[in-house]
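Residue numbers count from 1 along this sequence. All of these numbers come straight from a predicted model, not from anything done at the bench.
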Amino acid sequence: MIIRTIGAAEIKKCFLAGANAIDSKKELINDLNVFPVPDGDTGTNMTMTIMSAAKEVAAIEENDMGKICKAISSGSLRGARGNSGVILSQLLRGFTKEISKVDEVDVHVLTKAFERAVESAYKAVMKPKEGTILTVARGGSEKALEIVDRTDNLIELVNAVILHMRDVLELTPEMLPVLKKAGVVDSGGEGLLTVMEGAYDALLGKDVNYKVEATTGSRAVDPSASSDSVSEADIKFGYCTEFIVMLEKEFRSKEEKEFKTYLESIGDSIVCVADDDMVKIHVHTNDPGLAIQKGLSYGSLTSMKIDNMREEHNERVIRDAEKKAAAQKAGDETAGKKNDSEASLGDRTKTVPSGKKEEKKMPHKENGFISVSVGTGLSEIFTDLGVDYIIEGGQTMNPSTEDILEAIDKVNADHVFILPNNSNIVLAAQQAKDLTEDKEIIVIPTKNIPQGITAMVNYVEGADSAENAKTMTESLSEVKSGQVTYAVRDTSIDGYDIKAGDIMGLSDKTIETVGSDVVDTTVELVKKMLEEESELVTIYYGEEGTEEDAEKIADAISAIDSEIEVIIERGGQPIYYYFVSVE
């Protein structure tokens, strides 16, 4: 089979086929993750990243190379989740920048696109590590460059590239000892290859799936917003209105400011995020038509969605009432307590699902703070420390770049500090920083919740943003962090043969201890974290941990060294029985 050139229609089909290929195999890719913790796994993160772009691509009716490339690039950038998702988005960004220049792609354009994709991805990672998705991508690019002058057949070129990428992937265990010990190849590289193979199947004309299903995301939590007990009367603006403007005229900072000002005059909960030739709009208003007409003055509209929040509120009230009535009828005290607990939880966390209720506009301030958190107790701690906006997410649901961008937009401050509180969210936060122009964004590279709390404690009121960035970042080395959770799969790592269900004590994703009892495993973890100069241990108990067991852990620590102060806090986090910090 010989294909010498492909156009926008074929690019669209190949991309959608690649997206659906990884979606169908994401759990197999997740199983390649070395660490057996219940985490935001590679397959899930890469799928949600590419599906964010696929939804935009699928909505484009005309075969326009520029629009398709823009949707791939912008959609994946904003939907990027986890380090693997961010790297994938950068690969797609570099690739589309090259092919967007032409109407038809031949072997030479494709080779240049592969080169630019790799270049873009490597630039996004501060310390690139070989044996990862980056290595597999670079191997494909190098193979294309090697054979491009020997063929004009895209089928031959892509086939050779994929075969070589598979060879490189099989070598990743030799590059990363942790992969070799676990007996797996790199999960990110497998994910990338899965996308490539799906796209190749479309190029060959095979019967593949082009349909795009909706995906769900993390939720943002605004500490200044009203709780789930909001009444219909409290909903000032009834329609949650969202759309994307495909720009047909200049949209600089002046136009963006004017657009935001107009939206503020007709509603609230404004999101107006511009990226080259598109603008994403979100507004709560009583007249969606006004927002739509304004958007049309800048270009054509796509991805339009209008939700009646009052109607949704009434439906939710009815559902809640029915649940309570059923619980009472059954005389189920447990269910009643659960409802009371959930109502209290809602009051404390002030959870605001996207587009469900009115959000209050924050007063302007010099410095603002965004933190990723999960668990009512932890969110309360961050709020008490001065965090303005909490993004609900973390281990099992890494927030996307767009989630972080929306939070940035809502924090009315000149300088915004972001606490990712997870090593797998730092790159997405950095990407959001790069996409923000009207505020100074400072990403403090916190890799876990205790580091985030320490950073906030070390913020100095009155110091400038640069000084605080330095102080907060340096403070991270002063705290040791540990987590206690359960294994989700069998594996051999860090000298342990682990079975699914085992209790693990981790320190910065290094497994320090494994056991069958949560309390004993936590105590052993803390023992390994303690040093001669340690003075303070803080225990944050989660949904599956208890205050009573936390006190047992505290007593055991005090028995080791009576001079160490032990503090117990309610974290409320899922998945992790305990977070522990040692200072």
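- For the pair Asp549 and Lys552, the salt-bridge criterion is met [side-chain N within less than 4.0 Å of a carboxylate O].
- The environment of Lys528 atom NZ is dense: over 12 non-hydrogen atoms of other residues, nucleotides or ligands sit within 6.0 angstrom.
- In this structure, Tyr577 contributes its side chain and Thr546 its backbone to no donor-acceptor pair below 3.5 Å.
- With Ser379 contributing its side chain and Gly375 its backbone, the two residues share a donor-acceptor pair below 3.5 Å.
- Taking CD1 from Ile568 and CD1 from Ile539, the interatomic distance works out to 5.5 Å, rounded to the nearest 0.5 Å.
- Just one residue in the list Val526, Ile503, Thr485, Val514 forms a side-chain contact (heavy atoms from CB on, under 4.5 Å) with Thr521, and that residue is Ile503.
- No donor-acceptor pair closer than 3.5 Å links the side chain of Arg81 to the backbone N or O of Asn45.
- Side-chain contact annotation: Asn30 with Thr44, donor-acceptor N/O pair under 3.5 Å present.
- The number of heavy atoms from other shown groups lying within 6.0 Å of CD (Glu170) is above 12.
- Looking at Thr49, its side chain never comes within 3.5 Å of a backbone N or O of Ser76 through a donor-acceptor pair.
- Remark: side-chain polar atoms of Asn468 are not paired, donor with acceptor, to backbone N or O of Tyr459 under 3.5 angstrom.
- Checked by atom type and distance alone, the side chain of Ser120 never pairs as donor or acceptor with a backbone atom of Arg116 at under 3.5 Å.
- In summary, Arg138 and Glu130 engage in a salt bridge, as defined by a charged side-chain N under 4.0 Å from a carboxylate O.
- Here CG of Asn421 is found 13.0 Å from NZ of Lys447. Values are rounded to the nearest 0.5 Å.
- Around CD of Glu532, the count of heavy atoms belonging to other residues, nucleotides or ligands within 6.0 Å does not exceed 12.
- For the side-chain contact (heavy atoms from CB on, under 4.5 Å) with Thr132, the lone residue among Leu192, Leu176, Leu179, Thr172 that qualifies is Leu176.
- With hydrogens and angles disregarded, no donor-acceptor distance shorter than 3.5 Å links the side chain of Asn424 to the backbone of Gly82.
- Between the side chain of Ser400 and the main chain of Asp403, a donor-acceptor pair closer than 3.5 Å is present.
- Salt bridge annotation for Glu190-Arg166: present, with a cationic side-chain nitrogen under 4.0 angstrom from a carboxylate oxygen.
- A distance of 12.0 Å separates OG in Ser558 from CD1 in Ile553, rounded to the nearest 0.5 Å.
- Counting only N and O atoms by type, the side chains of Ser89 and Arg78 include no donor and acceptor under 3.5 Å apart.
- Residues Ile425 and Pro420 come closest through the heavy atom pair CD1-O, 3.8 Å.
- Using modelled atom types, no side-chain atom of Asn458 and backbone atom of Met472 make a donor-acceptor pair closer than 3.5 Å.
- Of the possible donor and acceptor atoms, one in the side chain of Ser52 sits under 3.5 Å from a partner among the backbone N and O of Gly75.
- Rounded to the nearest 0.5 Å, atoms CD1 (Ile444) and OG (Ser371) are 11.5 Å apart.
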